[in-house]
Trainee: 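Okay, handing you the structure first.
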Amino acid sequence: MSESAFTARPRADRMRVLGILNVTPDSFSDGGRWDGPGAAAARGARLRAEGADLVDVGGESTRPGAGRVPADEELARVVPVVGLLAASGIRTSVDTTRARVAEAALRAGAVAVNDVSGGRADPAMSRVVRDAGCPWILMHSRGTSATMRRLAVYHDVVGQVVDELSRRVDAALAAGVPADALVLDPGLGFAKTPEHDWLLLAHLDRLCALGFPVLVGASRKSFLGALLAGRDGRPRPVAQREDATTAVTAYAALAGAWGVRVHAVRAAVDAARAVAAIRAAGPPDAPRPADGCPPAGTLTARSSPVRPN
Ligand code: PMM
């Protein structure tokens with residue numbers, strides 16, 4: 001398959017969509033569903049067929065309170081699936097905080113690294129990414145899955161997340177990773193309460209203002225469950241958070257995000273295309289996605305052409 005290299009640049013036609021493929025027994029939404037590498041790869045192929053730009057393969061649950069999986073176990077879960085997908089010409093990112101896992105997945109054909117620790121967890125990650133010359137998604141988080149709940153304390157969540165992510169960017173650049181390899185992610189649900197998640201979404205422009213592409217991962221998360229709780233106060237079950245997820249996807253596209261990371265790819269691609277069509281019908285002098293997010297309060301039309309997938 002001779003496709004050109006995957007980059008962190010925006011697509012010209014619509015926001016990017018990453019399809020979630022968790023090969024874990026315990027992730028909150030799709031954990032334990034894909035029995036063996038073959039079934040997981042078949043699911044990845046389906047996500048690609050629905051329009052995913054990348055299939056994001058993860059072998060360690062990041063659910064709050066989750067313990068660590070040994071590195072060998074994470075490798076054994078992720079690498080065969082990445083290899084099978086690469087053999088079918090399907091691009092993957094590897095969702096890991098470990099340099100050793102990232103390196104093995106890149107060798108097996110992954111084209112990007114998605115690091116929920118933003119490079120904090122493993123000092124060797126910057127070298128792996130730099131040597132591979134691949135995009136690196138730096139997500140904001142604090143602590144680990146085991147400790148993040150009690151670290152959800154901010155006096156200004158938007159300002160602090162932007163500052164903490166800028167420090168991760170500085171560290172990556174100092175380690176020789178090129179600026180155009182970086183994608184930033186506010187890390188919804190990671191050391192955040194639902195109120196923090198909504199504030200970060202409402203002020204996505206502040207993160208975009210750092211000048212890097214921005215990825216949003218809201219899919220089926222607990223802040224949506226809390227929003228949609230029944231009269232008894234019980235959160236809406238995970239499987240019934242899809243419409244709200246799609247609403248956030250459309251909002252992210254309007255706000256100029258580079259991409260979303262979702263379980264239901266078709267709905268996200270459809271939403272991204274609909275927003276792109278609205279933009280394309282608008283004034284031609286509006287900024288393009290490549291220019292980053294528009295300033296706050298100016299979710300104006302843009303001039304990107306709309307092409308079918
Ligand atoms: N969320 C999860 C896992 N990985 N990666 C990025 N970049 N952004 C996220 O928001 C994110 C992530 C947790 O969700 P999951 O258990 O459904 O994968």
Trainee: Of Glu60, Glu103, Glu74, which meets side-chain hydrogen bond (donor to acceptor under 3.5 Å, both in side chains) against Thr96?
Mentor: Glu74
Trainee: State whether Arg127 and Asp122 are salt-bridged, where the test is any N-O pair (Lys NZ or Arg NE/NH1/NH2 against Asp/Glu carboxylate O) under 4.0 Å.
Mentor: no
Trainee: Please name all residues satisfying side-chain hydrogen bond (donor to acceptor under 3.5 Å, both in side chains) with Thr193, sequence neighbours left out, ordered by chain then number.
Mentor: His196
Trainee: Determine, for Glu73 against Arg68, whether the closest basic-nitrogen to carboxylate-oxygen distance falls under 4.0 angstrom.
Mentor: no
Trainee: Quick one: closest heavy-atom pair of Phe190 and Lys221, and the distance?
Mentor: CE1-NZ, 3.8 Å
Trainee: Would you mind reporting whether Gln240 and Leu228 have side-chain heavy atoms less than 4.5 Å apart?
Mentor: no
Trainee: Between Ser141 (side chain only) and Val116 (backbone N and O only), is there a donor and an acceptor less than 3.5 Å apart?
Mentor: yes
Trainee: Check the pair Arg142, Gln160 against side chain to side chain contact (heavy atoms under 4.5 Å, CB included), reporting the backbone distance first and the verdict last.
Mentor: CA-CA 11 Å; Arg142 285 177 169 181; Gln160 287 176 269; 3.4 Å; yes
Trainee: Under 3.5 Å, is there a donor-acceptor pair between the side chain of Arg16 and the main chain of Arg9?
Mentor: yes
Trainee: Go through the steps for Cys134 and Val111 under the test side chain to side chain contact (heavy atoms under 4.5 Å, CB included), then give the verdict.
Mentor: CA-CA 6 Å; Cys134 70; Val111 299; 5.9 Å; no
Trainee: With ILVMFWY side chains joined below 4.5 Å, transitively, what does Leu151's cluster contain besides itself?
Mentor: none
Trainee: Does this structure show an ion pair linking Arg261 with Asp185, if we count only N-O contacts that are shorter than 4.0 Å?
Mentor: no
Trainee: One thing to verify: whether Glu50 and Arg46 come together as a salt bridge, which I'm taking to mean a side-chain N less than 4.0 angstrom from a carboxylate O.
Mentor: yes
